[in-house]
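Here's the structure we're looking at; comments come further down.
Note that this is a predicted model, so its numbers are computed, not measured. Keep in mind that the numbers below use all heavy atoms, side chains included, and drop hydrogens, waters and symmetry copies.
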Amino acid sequence: MAKQTLLILGGTGEARRLAARLCARGGLRVVTSLAGRTRTPETLQGEVRVGGFGGAEGLALYLEGEGIDLMVDATHPFAARMARNATEAARLTGVPLITLMRPAWQPVAGDNWQIASGMAEAATLLGPEARRVFLAIGRQEVQAFRAAAQHHYLVRSVEPVEPAHLPPNAHCILARGPFCEDDEIALLTQHRIDIVVAKNSGGTATYGKIAAARRLGLPVVMIDRPKPTGASIVADVDEAMAAIDAHLAAPLAERGA
């Protein structure tokens with residue numbers, strides 16, 4: 001009997017841990033797809049493909065061509081386009097889709113958050129007066145802050161930001177999480193940061209900057225995540241494993257094939 005094939009849309013720590021657990025258990029062909037934006041991705045267990053699919057239709061062709069039995073969207077909570085494509089491809093093919101999305105952070109006592117719906121609003125919320133801003137949003141959308149060129153930016157990303165995308169007064173550092181609270185306090189203090197800009201990514205790996213801002217009494221512009229699609233949503237790898245088992249154990253007709 002042929003192995004069932006599972007496609008993980010990856011790029012997160014959860015995707016990496018899920019692939020490792022599935023491969024360690026055996027009995028499945030596990031393929032993880034990466035967008036290819038990171039030049040030095042961390043090692044993954046199982047098969048790995050790199051690059052886009054060509055939209056929802058291209059993903060649907062891949063699902064059918066590779067005989068995918070189940071798809072897990074474990075991309076970043078802000079990967080809205082990929083989430084939409086996965087939902088549409090699942091609809092076109094009947095391949096079941098599980099979305100692994102860590103819960104969003106919630107403000108607690110001592111937090112001073114301003115919620116922004118996107119990067120342009122976040123740049124506006126920094127205000128007209130020059131401030132020292134810790135920009136912890138990755139490298140893809142930094143250019144939105146060129147519209148607020150009066151500020152001084154500390155930009156942290158895993159890989160370099162294109163120079164043309166940087167605001168005029170920007171200092172860049174390269175680092176890969178996780179980041180602990182004490183180290184984040186030291187970083188914010190060293191650079192005399194006045195305000196933090198962050199995506200509401202959820203999870204523990206990058207929460208240190210939020211806890212550090214709270215301890216230092218700094219405001220945070222928190223960029224709200226896109227609304228999830230209507231797929232079956234699980235919060236962590238354990239829940240994903242349980243949902244995968246339930247889907248793959250179901251009779252073929254019940255899986256919509």
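Residues Gly11 and Ala15 come closest through the heavy atom pair N-CB, 4.1 Å. Of all non-hydrogen atoms in Pro160 and Arg139, the two that sit nearest each other are O-CD, 3.4 Å. Between Phe53 and Met82, the shortest heavy-atom distance links the atoms CD1-CE, 4.4 Å. Of all heavy-atom pairs spanning Ala89 and Ala56, the tightest one is CB-O, 3.7 Å. Pairing each heavy atom of Met119 with each of Ala144, the nearest pair is CB-CB, 3.6 Å.
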- Query: Does the pair Arg49 and Glu66 meet the rule for a salt bridge (Lys or Arg N to Asp or Glu O under 4.0 Å), with working shown?
  - Reply: CA-CA 12 Å; Arg49 72 170 299 281; Glu66 292 293 319; over 6 Å; no
- Yes or no on side-chain contact (heavy atoms from CB on, under 4.5 Å) for Leu126 and Tyr153, after CA distance, side-chain angles and deciding distance? CA-CA 11 Å; Leu126 293 176; Tyr153 294 95; 3.7 Å; yes
- Give the C-alpha distance, both sets of side-chain angles, the deciding distance and a yes or no for salt bridge (Lys or Arg N to Asp or Glu O under 4.0 Å) between Asp238 and Arg21. CA-CA 10 Å; Asp238 287 338; Arg21 285 182 59 174; 2.6 Å; yes
- Check against side-chain contact (heavy atoms from CB on, under 4.5 Å), Ser117 and Asp224: CA-CA 5 Å; Ser117 60; Asp224 206 7; 5.7 Å; no
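Side chains of Leu125 and Glu121 form a contact here, defined as non-hydrogen atoms less than 4.5 Å apart. The closest side-chain heavy-atom distance from Asp245 to Arg25 is below 4.5 Å.
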May I have the list of side-chain donor-acceptor pairs in residues 202-209 shorter than 3.5 Å, sequence neighbours left out?
{"unit_1": "Tyr207", "atom_1": "OH", "unit_2": "Arg214", "atom_2": "NH2", "d": "2.4"}
{"unit_1": "Lys209", "atom_1": "NZ", "unit_2": "Thr206", "atom_2": "O", "d": "3.0"}

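The pair Asp73-Arg84 does not meet the salt-bridge criterion, since no charged nitrogen lies less than 4.0 angstrom from a carboxylate oxygen.
Listed for the His191 side chain is no donor-acceptor partner under 3.5 Å among the backbone atoms of Ile193.
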